[in-house]
Amino acid sequence: MLQIQKIREQKDNFIDALKKRNIDAKPLFDEIVALDEKRRATQTELDNTLAESNKLSKEIGMLFKSGKASEANELKAKTGDLKEVSKKLGDDLNQAADQLQELLYQIPNIPHESVPSGNSDEDNEEVFREGAVPELTDNALPHWELAKKYDIIDFELGVKVTGAGFPVYKGKGARLQRALISYFLDKNTAAGYTEIQVPHLVNEASGYGTGQLPDKEGQMYHVQADDLYLIPTAEVPVTNLFRDEIVKKEEFPIRYTGYTPCFRREAGSYGAHVRGLNRLHQFDKVEIVRVEHPDNSYNALNGMVEHVKTILRELKLPYRILRLCGGDLGFTSALTYDFEVFSTAQDRWLEISSVSNFETYQANRLKLRFKDENGKNQLAHTLNGSSLALPRVLAGILENYQTANGIEIPEVLVPYCGFDTIS
RNA sequence: GGAGAAAUGGCAGAGUGGUCGAAUGCGGCAGUCUUGAAAACUGUUGAGGGUCACACCUCCGGGGGUUCGAAUCCCUCUUUCUCCGCCA
């Protein structure tokens with residue numbers, strides 16, 4: 001959520017920047033500024049009324065104490081009007097504040113200056129590419145065929161037990177999955193991230209804290225009996241650890257990594273592109289989260305990008321990095337880099353990681369602050385990234401490492417798997 | 001799930017209708033002393049709104065109520081603790 005003071009100060013700049021998202025924010029901002037003025041005016045009026053009635057109450061107390069009951073009762077009669085006025089002003093204030101909040105929730109984050117303009121993923125800007133695309137034989141198979149051939153992932157069984165998009169991993173498939181999780185966590189902790197295990201269900205306040213609510217209400221599984229949401233990413237519980245916190249600036253950088261399953265309803269997406277592991281309702285992901293001093297957040301973002309690179313290099317997967325354009329940028333993000341692995345067998349790029357800086361957007365909702373050098377509380381910056389998302393990495397490995405003799409296991413994973421081929 | 005107790009500032013812990021945003025201790029910060037540190041002493045130290053800056057306003061788990069006035073009384077929700085039950 002944007003800070004109202006910042007909107008007041010630089011409304012026109014924001015409107016300009018939001019054009020990159022193909023949004024004309026002017027009407028909304030005009031309404032917000034007007035509402036904010038109304039809110040403050042009402043607040044001032046209410047404050048004055050309350051000040052007066054506080055004063056009267058004190059006088060009444062003194063009079064009673066010194067035994068002047070009749071004078072006290074006289075004053076009492078005067079307080080009725082004030083009470084009525086302050087009640088009305090209080091209601092007005094709440095109403096204005098609620099309306100303002102609702103409008104603020106509708107505004108996405110301001111894109112970073114480096115974000116290219118554009119409408120869709122086609123306008124994303126490739127900034128880096130690395131790794132050799134393997135030459136596969138003509139009869140190379142997509143991963144869903146390989147999964148069947150070697151009996152390592154069973155999609156039909158998942159359908160029986162739950163429904164489409166909930167695969168069952170079997171034998172070496174399950175082991176490879178577990179190996180990847182361990183390997184990712186080890187890489188992340190070696191890079192200074194503290195491993196953490198968090199709940200897989202979160203409350204409504206957490207959903208608002210990181211911005212999934214109200215924007216993506218329909219994308220999360222909602223357990224209505226308990227009013228809890230299944231997490232769509234570890235970002236939600238991990239970042240919300242810092243909700244309503246004031247951290248010491250010496251604590252920076254704050255770095256966490258966690259493995260969780262992720263649950264997404266993915267309402268309305270069907271077709272060839274969601275086959276196999278390409279899009280699931282439940283998948284595993286290892287996430288990295290950072291809380292940073294504003295001066296260091298872009299530095300931190302670059303560090304996260306470099307870190308994910310080292311993992312893909314070790315896995316020897318061909319990949320590229322995209323800087324997301326305004327039209328494809330997530331609602332809460334200021335700058336996002338997507339990592340994509342190339343799958344020869346599918347002849348397409350698969351998104352396997354997304355690394356973002358949210359600047360103060362989440363921190364403002366979370367009330368996540370730090371004390372600066374002047375002792376003033378300031379919003380921190382939050383960042384996160386996948387390191388990495390399992391299914392598409394798995395798909396990439398299966399498809400790129402297939403040989404006539406089976407699927408080879410990337411060297412770095414062999415110690416984690418305990419085998420070097422799936423055949 | 002049943003019965004009881006509790007929720008106060010970074011932490012501990014007073015405060016049971018008026019001068020309480022809140023004693024005291026610890027911790028933090030600044031200073032005095034010291035070559036430096038420790039100890040001791042002195043001062044300072046919650047959050048938000050508002051203002052050029054003050055003033056002023058709100059917040060004692062959340063919400064609602066009683067009252068001229070609520071941390072304090074009432075209702076309700078949540079959470080924690082103790083005991084019982086159930087259970088991986």
Side-chain angles (χ1 to χ4, degrees), chain A residues 1-9 32-104 197-209 213 223-229 237 240-252 254 261 291 360 362-380:
Chain A
M1 192 165 64
L2 300 178
Q3 298 167 81
I4 186 70
Q5 313 90 285
K6 293 270 163 70
I7 293 178
R8 262 185 242 150
E9 287 163 19
I32 283 171
V33 169
L35 206 49
D36 177 52
E37 268 168 34
K38 186 183 158 199
R39 198 210 93 231
R40 280 186 294 158
T42 311
Q43 175 90 62
T44 306
E45 217 181 321
L46 175 64
D47 285 359
N48 292 338
T49 312
L50 287 175
E52 206 175 323
S53 86
N54 284 345
K55 219 171 97 191
L56 276 178
S57 290
K58 273 181 191 168
E59 280 175 39
I60 290 169
M62 307 261 242
L63 287 171
F64 272 125
K65 262 199 171 165
S66 53
K68 299 175 181 166
S70 60
E71 284 180 49
N73 284 322
E74 245 171 76
L75 277 185
K76 257 198 200 180
K78 284 198 201 168
T79 58
D81 280 354
L82 287 175
K83 237 184 151 181
E84 229 168 88
V85 172
S86 59
K87 172 112 181 62
K88 189 189 172 300
L89 287 171
D91 290 346
D92 288 353
L93 182 66
N94 287 339
Q95 204 194 343
D98 288 350
Q99 273 176 25
L100 189 59
Q101 182 80 304
E102 219 167 283
L103 292 179
L104 286 171
Q197 292 191 6
V198 289
H200 300 166
L201 280 84
V202 293
N203 56 29
E204 191 182 37
S206 292
Y208 274 94
L213 293 175
V223 182
Q224 285 179 353
D226 299 290
D227 199 16
L228 295 172
Y229 294 86
N240 270 282
L241 297 174
F242 296 94
R243 178 148 46 84
D244 294 319
E245 294 290 329
I246 301 173
V247 301
K248 298 197 177 78
K249 65 176 188 300
E250 296 77 37
E251 293 175 51
F252 293 136
I254 294 169
V291 179
T360 59
Q362 291 183 328
N364 191 33
R365 289 195 182 186
L366 292 161
K367 306 231 178 327
L368 163 51
R369 294 151 294 169
F370 69 97
K371 265 202 198 312
D372 68 13
E373 356 346 286
N374 304 318
K376 286 200 73 172
N377 293 330
Q378 233 190 92
L379 293 175

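Note that the structure is predicted; figures quoted are calculated from it, not measured. Below, chains carry the letters A, B, ... as their sequence lines are ordered, and counting in each starts from 1.
If you take OG on Ser57(A) and NZ on Lys76(A), they are separated by 10.5 Å, rounding to the nearest 0.5 Å. Atom CD1 of residue Ile246(A) and atom CZ of residue Arg369(A) lie 4.0 Å apart, to the nearest 0.5 angstrom. Taken from NZ in Lys38(A) to CD in Gln95(A), the straight-line distance is 6.0 Å, to the nearest 0.5 Å. To the nearest 0.5 Å, atom CG of residue Asp92(A) and atom NZ of residue Lys88(A) are 3.5 Å apart. Note that the OG1 atom of Thr42(A) and the CG atom of Asp91(A) stand 11.5 Å from one another [nearest 0.5 Å].
Across every strand in view, rA39(B) sits unpaired, with no contact that passes the Watson-Crick or G-U test at under 3.5 angstrom. Pairing partner, rU16(B): none, since no Watson-Crick or wobble contact has both distances short of 3.5 Å. Shown here, rG10(B) forms a base pair with rC26(B); the pair counts as Watson-Crick or G-U wobble because both key distances fall under 3.5 Å. Under the Watson-Crick or G-U wobble criterion, with both distances below 3.5 Å, rG4(B) is paired with rC81(B). Under the Watson-Crick and G-U wobble criteria, each requiring two contacts below 3.5 Å, nucleotide rA71(B) is left unpaired. Partner assigned to rU66(B) is none, using Watson-Crick or G-U wobble distances below 3.5 angstrom.
Comparing the P positions of rG15(B) and rU72(B) gives a spacing of 15 Å, expressed to the nearest Å. For the C1' atoms, the distance linking rG27(B) with rU80(B) amounts to 24 Å, nearest Å. Rounded to a whole angstrom, the distance from the C1' atom of rG61(B) to that of rA6(B) is 11 Å. Separating the P atom of rC56(B) from that of rG1(B) is a span of 49 Å, rounded to the nearest Å. The gap from the P atom of rG48(B) to that of rC83(B) amounts to 40 Å, rounded to the nearest Å. The separation of rG31(B) from rU24(B), taken at their C1' atoms, amounts to 23 Å, rounded to a whole angstrom. rU82(B) and rA37(B) have their C1' atoms separated by 47 Å, given to the nearest Å. Here the separation of rG21(B) from rC59(B), taken at their P atoms, is 10 Å to the nearest Å.
Rounding to whole angstrom units, CD1 of residue Ile60(A) and C1' of rG18(B) are separated by 11 Å. The interatomic distance linking Asp227(A) (CG) with rG62(B) (C1') rounds to 15 Å, in whole Å. With rounding to whole Å, Leu93(A) atom CG is found 18 Å from rG48(B) atom P. Rounded to whole Å, atom C1' of rA47(B) lies 15 Å from atom CG of Leu368(A). When rounded to the nearest whole Å, the span between CD1 of Ile246(A) and C1' of rG10(B) equals 10 Å. For the pair Asn377(A) CG and rG10(B) P, the computed distance is 11 Å after rounding to whole Å. Computed from coordinates, the Gln43(A) CD to rC59(B) P distance equals 12 Å when rounded to whole Å. Per the geometry, CG belonging to Asp226(A) stands 11 Å off P belonging to rU78(B), to the nearest Å.
There is a side-chain donor-acceptor pair under 3.5 Å between Gln43(A) and Asp47(A). Between Ser206(A) and Asn203(A), the side chains place a donor N or O and an acceptor N or O closer than 3.5 Å (distance only, hydrogens not considered).
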### Task
May I have the step-by-step check of side-chain contact (heavy atoms from CB on, under 4.5 Å) for Asn364(A) and Leu2(A), ending in yes or no?
CA-CA 7 Å; Asn364(A) 191 33; Leu2(A) 300 178; 5.8 Å; no

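In this model, the phosphate group of rG50(B) is approached by a side-chain N or O of Arg8(A) to a distance below 4.0 Å at OP1 or OP2. Neither OP1 nor OP2 of rA47(B) sits under 4.0 Å from any side-chain N or O of Arg369(A). For the pair Arg40(A) and rU51(B), the criterion of a side-chain N or O lying under 4.0 Å from OP1 or OP2 is met.
Checked by atom type and distance alone, the side chain of Arg365(A) pairs as donor or acceptor with a backbone atom of Tyr208(A) at under 3.5 Å.
Sorted by residue number, the members of residues 46-58 of chain A with any non-hydrogen atom under 4.0 Å from RNA chain B read Asp47(A), Leu50(A), Ala51(A), Asn54(A), Ser57(A).
Judged by closest nucleotide on RNA chain B, Phe64(A) is the one of Phe64(A) and Lys371(A) placed further toward the 5' end.
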